[in-house]
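For reference, the structure is listed below as structure tokens.
Letters go in sequence order (proteins before strands), and every chain restarts at 1.
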Amino acid sequence: MLRSGFFLPTLKETPSEAQIASHRLMLRAGMVRQASAGIYSWLPLGFRVLKNIERIVREEQDAAGAQEMLMPTIQSADLWRESGRYDAYGPEMLRIRDRHERDMLYGPTNEEQITEIFRTSVRSYRDLPRMLYHVQWKFRDEVRPRFGVMRGREFLMKDAYSFDLDYDGAKRSYNKMFVAYLRTFERLGLKAIPMQADAGPIGGDMSHEFVILAETGESEVACHRDFIEMDWRGRDIDYTGDLQPLVDTFTSKYAATDERRDPEREKALGGDLVTARAIEVGHIFYFGTKYSKAMNAVVAGPNGEEIAVEMGSYGIGVSRLVGAIIEASHDDAGIIWPEAVAPFKAGLINLKVGDGDCDKACDALYAALRAGGISVLYDDREERAGIKFADMDLIGLPWQVVIGPRGLKNGIAEVKNRKTGERAEIPLENVPARLTA
RNA sequence: CGGAGCGUAGCGCAGCCUGGUAGCGCACUACACUGGGGGUGUAGGGGUCGUGGGUUCAAAUCCCGCCGCUCCGACCA
């Protein structure tokens with residue numbers, strides 16, 4: 001992508017509404033613009049990151065055996081009356097009336113809707129288990145939206161739902177999602193700790209929150225220090241096998257969100273206890289037959305009897321993750337993207353646009369990198385070097401490649417790693433290899 | 001929903017107290033110079049001062065209502 005033609009309105013100064021790092025940086029880096037309180041437009045750069053996160057979430061959901069679908073944002077109030085949540089949900093739910101005076105709502109979540117789809121489509125235990133998910137915008141009319149996309153009113157969420165015949169099956173589904181979440185967050189470059197959590201208004205008795213530790217987190221959590229040191233990387237998962245042992249290794253040690261904290265266990269941990277603030281990035285629930293009973297989602301069992309299905313739901317805050325990743329990974333100069341979600345892998349800076357040799361070398365390298373499958377943002381603007389560098393640091397691409405007349409005399413480019421700050425002068429022809437190493 | 005604050009150019013702000021020509025920095029446009037980490041000079045463009053009403057000869061400024069946004073708290077898949 002040529003910087004000159006890319007809609008990337010960066011800001012030198014921070015709009016006054018932004019209080020925390022991720023919000024500030026997202027506005028300054030031209031990723032989002034606020035439309036109204038807690039509602040944001042995603043500009044091209046931010047949208048690329050959002051899509052990258054979505055992609056990884058999808059891949060891991062698919063790997064775990066969930067199937068993607070798409071449910072609408074606007075739902076009928078009648079469904080919610082069936083489950084009893086139309087009255088229970090309170091003013092957080094945005095209620096709408098259509099031209100025929102029908103009560104509608106902008107979905108804050110989708111249990112009712114998926115249950116309705118399931119109950120009209122599945123009649124036999126032979127069709128179980130099922131896991132379905134979608135990635136869709138939700139709306140919750142928060143009293144006080146804040147922290148940019150981390151606590152917006154409108155937000156993008158992946159929500160999955162599992163349907164099983166009995167508790168053991170539901171537990172297997174729960175474990176699949178548990179493991180899928182570990183893998184998803186690890187691929188996103190995050191250390192997300194699964195914590196005992198309250199089920200909240202969704203109800204149910206098995207629930208984990210996946211949180212990342214960050215000073216700007218909204219809640220206080222506590223966990224065993226082993227979680228901090230645990231090696232999170234590269235676990236090969238066989239979803240057809242027994243996942244319980246793996247789940248056990250992550251749930252046997254103490255880790256609890258604030259409403260689930262246990263003073264006695266914490267006391268016993270002594271020096272092994274870590275308390276910190278945390279950002280919730282995922283939440284999984286087993287809630288049994290809460291909705292299936294209320295909404296009559298039953299299947300015929302082996303003996304022809306009617307059995308209410310066992311359900312679970314599993315959410316990942318996709319848009320919140322963009323902010324959360326930045327909270328976890330930035331410095332004074334700007335964002336530092338983990339490679340997996342970076343909007344581009346590399347930035348290419350032409351230090352002297354208009355200089356024939358410089359332009360030619362940049363064009364050639366730009367083509368070579370793209371041919372090698374490396375996404376590049378090529379800053380071909382006639383700006384001063386300082387502005388280009390500052391901009392690139394702000395945007396936070398993993399690599400910066402700098403070409404100027406001085407280095408070009410010796411056929412070299414400067415390659416800088418945004419994360420480590422390490423700079424190396426290497427021959428132009430070695431640049432593609434260097435970035436893929 | 002309790003408490004506090006803010007709204008003046010795209011962004012950051014001053015002006016308001018004590019009413020009288022709407023300002024500064026950045027950004028933007030043109031030209032020249034410059035060019036390896038947020039340039040220099042010259043010349044420009046851009047404002048119903050959130051909105052409605054009131055007071056006044058005169059309101060960005062004083063008074064009242066409304067709207068929007070932010071912060072603290074409570075709330076929170």
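Nucleotide G73(B) holds its P atom 13 Å from the CD atom of Glu220(A), rounded to whole Å. For the pair Glu92(A) CD and C76(B) P, the interatomic distance rounds to 8 Å; values are reported in whole Å. Atom CD in Glu142(A) sits roughly 13 Å away from atom P in U70(B) (whole-Å rounding). Distance Asp379(A) CG to G36(B) P: 15 Å, rounded to the nearest Å. We find that CD of Glu382(A) is positioned 17 Å from C1' of G36(B), with the value rounded to whole Å. Following rounding to the nearest Å, Phe147(A) (CZ) and C69(B) (C1') show an atom-to-atom distance of 16 Å. At whole-Å resolution of the value, CZ in Arg384(A) and C1' in G41(B) are 13 Å apart. The distance between atom CD of Glu218(A) and atom C1' of C72(B), rounded to the nearest whole Å, is 14 Å.
With hydrogens and angles ignored, no donor-acceptor pair under 3.5 angstrom links the side chain of Arg146(A) to the base of U70(B).
Within a heavy-atom distance below 4.0 Å of RNA chain B, the residues of residues 415-429 of chain A found are Lys416(A), Arg423(A). Using a 4.0 Å cutoff on non-hydrogen atoms, no part of residues 39-77 of chain A comes near RNA chain B. Near RNA chain B, meaning a heavy atom under 4.0 Å from it, residues 5-33 of chain A has Lys12(A), Glu13(A), Thr14(A), Pro15(A), Ser16(A), Glu17(A), Gln19(A), Arg28(A) in order of number.
Relative to the side chain of Ile387(A), the nucleotides G38(B), G36(B), C76(B) differ in distance, and G38(B) lies closest. Each of C76(B), G37(B), C69(B) was ranked by its minimum atom distance to the side chain of Ala37(A); first place goes to C69(B). Comparing C1(B), G36(B), G38(B) by their nearest atom to the side chain of Val143(A) picks out C1(B).
Interatomic distance, OH of Tyr161(A) versus CE of Met311(A), reported as 8.0 Å (0.5 Å rounding).
Using N1 to N3 plus N6-O4 or O6-N4 for Watson-Crick, or N1-O2 and O6-N3 for G-U wobble, each under 3.5 Å, G10(B) pairs with C26(B). C76(B) is unpaired under the criterion used here, namely a Watson-Crick or G-U wobble arrangement in which both key atom distances are under 3.5 Å. Searching all strands for a Watson-Crick or G-U wobble partner of A4(B) with both distances below 3.5 Å returns U70(B). Nucleotide G35(B) has no partner under the Watson-Crick or G-U criteria, as no pair reaches both atom distances under 3.5 Å. Nucleotide G52(B) has C64(B) as its partner under the Watson-Crick or G-U criteria, with both atom distances under 3.5 Å. Partner assigned to G19(B) is none, using Watson-Crick or G-U wobble distances below 3.5 angstrom.
Among the atoms of the strands shown, base atoms are found under 4.0 Å from some heavy atom of Gly407(A). Within 4.0 Å of Ser219(A), counting heavy atoms only, lies no atom of the nucleic acid at all. The residue Gln34(A) sits close only to the backbone: its heavy atoms come under 4.0 Å of sugar-phosphate atoms, none of a base.
Taking atom P on both nucleotides, U8(B) is separated from A60(B) by 15 Å, rounded to a whole Å.
With sequence neighbours left out, the side-chain contact (heavy atoms from CB on, under 4.5 Å) criterion links Ala21(A) to Arg24(A), Glu327(A), His330(A). With sequence neighbours excluded, the residues that form a side-chain hydrogen bond (donor to acceptor under 3.5 Å, both in side chains) with Tyr40(A) are His23(A), Gln34(A). With sequence neighbours excluded, the residues that form a side-chain hydrogen bond (donor to acceptor under 3.5 Å, both in side chains) with Asn417(A) are Thr420(A). Residues forming a side-chain contact (heavy atoms from CB on, under 4.5 Å) with Ala342(A) (at least two apart in sequence, or on another chain): Trp337(A), Pro398(A). Residues passing the salt bridge (charged side-chain N to carboxylate O under 4.0 Å, His left out) test with Asp359(A): none are found, sequence neighbours excluded. Ala340(A) meets the side-chain contact (heavy atoms from CB on, under 4.5 Å) test with Ile56(A); sequence neighbours excluded. Among residues two or more places apart in sequence or in another chain, the side-chain contact (heavy atoms from CB on, under 4.5 Å) test is passed with Glu92(A) by Tyr89(A), Arg140(A), Glu142(A).
The closest side-chain heavy-atom distance from Ile212(A) to Phe185(A) is not below 4.5 Å.
By the 30° and 60° cut-offs, the orientation of the rings of Tyr378(A) relative to Tyr366(A) is tilted.
The shortest distance between the side-chain N/O atoms of Arg144(A) and the OP1/OP2 oxygens of C71(B) is below 4.0 Å.
Counting non-hydrogen atoms of neighbouring residues, nucleotides and ligands closer than 6.0 angstrom, the NZ atom of Lys345(A) exceeds 12 such neighbours.
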Please report, to 0.1 Å, the donor-acceptor pairs under 3.5 Å made by any side chain of residues 406-413 of chain A, with sequence neighbours excluded.
none

Extract all donor-acceptor atom pairs below 3.5 Å that involve side chains of residues 423-437 of chain A and protein atoms in other chains or at least two apart in sequence.
{"unit_1": "Thr436(A)", "atom_1": "OG1", "unit_2": "Pro432(A)", "atom_2": "O", "d": "3.0"}
{"unit_1": "Thr436(A)", "atom_1": "OG1", "unit_2": "Ala433(A)", "atom_2": "O", "d": "3.1"}

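Proximity of the aromatic rings of Phe285(A) and Tyr174(A) is defined here by a centroid distance below 6.0 angstrom, and this criterion is not met.
Mapped onto RNA chain B by nearest heavy atom, Phe155(A) and Leu408(A) fall at different nucleotides, with Leu408(A) at the one closer to the 5' end. For the pair Asp159(A) and Ala390(A), both in contact range of RNA chain B, the more 5′-proximal nearest nucleotide belongs to Ala390(A).
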